[in-house]
Amino acid sequence: MSAEAQQQLESVKAAAAASLEQPAPNTIHEDVVSPHADHAATPGRVIAIAVDTSKYAEYAFDWAVNNIIRPETDQIVIMNVRPTVSLPAVYGTLYVDFSKEFESIEESNKKESHDLLRAFANKLPAHKYNIRGVALRGDPRDELAYKVEDIKADMLVIGSRGLGALKRAFLGSVSDYLVHHLTVPVIIPRPSEKEKII
């Protein structure tokens, strides 16, 4: 094997090993939506709302706006966590450059996350509501826990996927983790039988 190929192989192995390590929280936190200029710099309360593309997240967002948010004094911080793109493992002396695919997937995930945050923010008039949108990257449990503490949120509202006890035990639940690890109240609105989500 040539020296150049050996060097490339070593760099790919190092990148693969680094991707297996647990990423530190707060590696990527992007402010996507900023508060309107009319709003006070120091809000009365900071209400964090975690969102994704599910109907459960949409229900939780709408529920929070209708039942908790005080537009005159509260700041709404909408948060979305996109997954970390990891490199495939390297076997033997095979070298394949995945950097373009890696960048393409990361850019696609980033755009989807930013568009989602803007879509939720656009549901409310910016001059009436103090809205901020933050895109995060990594494990949702770690990133949301870190950011809720970082922004000094007074509470977190998050949707529930409606997993049964068995699935929740095997798959884990982001909302369950946050209930047990955050020091602020975590509200998980669930629709009534009339409002059941399809």
Side-chain angles (χ1 to χ4, degrees), residues 15 18-19 22-41 43 45-66 68-69 71 74-88 98-161 173-175 177-178 182 184 186-189 197:
S19 73
Q22 183 69 8
N26 76 335
T27 51
I28 301 287
H29 290 192
E30 303 148 340
D31 278 315
V32 178
V33 178
S34 299
H36 193 272
D38 293 347
H39 297 289
R45 295 186 307 173
V46 176
I47 311 298
I49 305 175
V51 299
D52 59 20
T53 57
S54 73
K55 292 289 183 190
Y56 300 98
E58 191 171 338
Y59 179 84
F61 178 84
D62 293 340
W63 185 91
V65 169
N66 294 327
I68 295 176
I69 306 297
D74 293 346
Q75 180 181 60
I76 304 169
V77 180
I78 309 165
M79 299 184 290
N80 173 256
V81 184
R82 67 180 181 268
T84 303
V85 180
S86 58
L87 294 171
F98 289 104
S99 60
K100 285 186 179 32
E101 288 82 4
F102 177 86
E103 290 170 13
S104 173
I105 293 168
E106 171 59 23
E107 195 56 40
S108 174
N109 289 347
K110 180 179 177 179
K111 181 183 181 324
E112 184 179 315
S113 177
H114 290 201
D115 289 348
L116 179 71
L117 289 166
R118 287 187 191 103
F120 272 99
N122 288 337
K123 291 175 79 173
L124 305 173
H127 65 279
K128 182 177 178 187
Y129 290 91
N130 185 349
I131 307 167
R132 184 175 163 210
V134 181
L136 312 168
R137 183 180 76 178
D139 182 281
R141 293 172 285 226
D142 296 333
E143 296 302 321
L144 290 171
Y146 175 84
K147 198 61 178 179
V148 165
E149 297 292 329
D150 183 51
I151 63 173
K152 296 174 179 47
D154 294 287
M155 70 182 71
L156 170 68
V157 179
I158 185 168
S160 170
R161 294 282 179 145
S173 163
V174 173
S175 56
Y177 175 88
L178 295 169
L182 288 178
V184 300
V186 177
I187 300 173
I188 308 167
I197 296 173

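Quick note: residue numbers are just sequence positions, from 1.
Val184 and Ala153 get closest at one heavy-atom pair: CG1-O, 3.2 Å. Minimum heavy-atom separation, Pro43 to Asn130: CB-ND2, 4.3 Å.
Side-chain contact between Val81 and Val174 is absent, with no heavy-atom pair separated by less than 4.5 Å. When side chains are defined from C-beta on, Phe61 counts as touching Leu124, because their heavy atoms get closer than 4.5 Å. Ser175 is not listed as a side-chain neighbour of Val186, based on a closest heavy-atom distance of 4.5 Å or more. Taking the side chain as every heavy atom from C-beta outward, Ile49 and Trp63 never approach each other to under 4.5 Å. Side-chain contact between Tyr146 and Leu136 is absent, with no heavy atoms from C-beta onward closer than 4.5 Å. The side-chain heavy atoms of Thr53 and Glu112, taken from C-beta on, include a pair separated by under 4.5 Å. Between Ile151 and Val134 there is no side-chain heavy-atom pair separated by less than 4.5 Å. At least one side-chain heavy atom of Arg45 sits under 4.5 Å from a side-chain heavy atom of Ile68.
Without hydrogens or angle criteria, Asn80 side chain to Ala135 main chain gives no donor-acceptor distance under 3.5 Å. Under the 3.5 Å distance criterion, the side-chain polar atoms of Asp154 are matched with a main-chain donor or acceptor of Val46.
To the nearest 0.5 angstrom, Leu144 atom CG is 12.5 Å from Asp150 atom CG. Considering CD1 of Ile187 and CG of Leu178, their distance stands at 13.0 Å, rounded to 0.5 Å. From Leu182, atom CG reaches atom OH of Tyr177 across 8.5 Å, with rounding to the nearest 0.5 Å.
Surrounding NZ of Lys111 are at most 12 heavy atoms belonging to other residues, nucleotides or ligands under 6.0 Å away. Within 6.0 Å of atom CD in Glu149, more than 12 heavy atoms from other residues, nucleotides or ligands are found, so the atom counts as buried in its surroundings.
Every residue meeting the salt bridge (Lys or Arg N to Asp or Glu O under 4.0 Å) condition with Glu106, not counting sequence neighbours, appears here in chain and number order: Arg82, Arg137.
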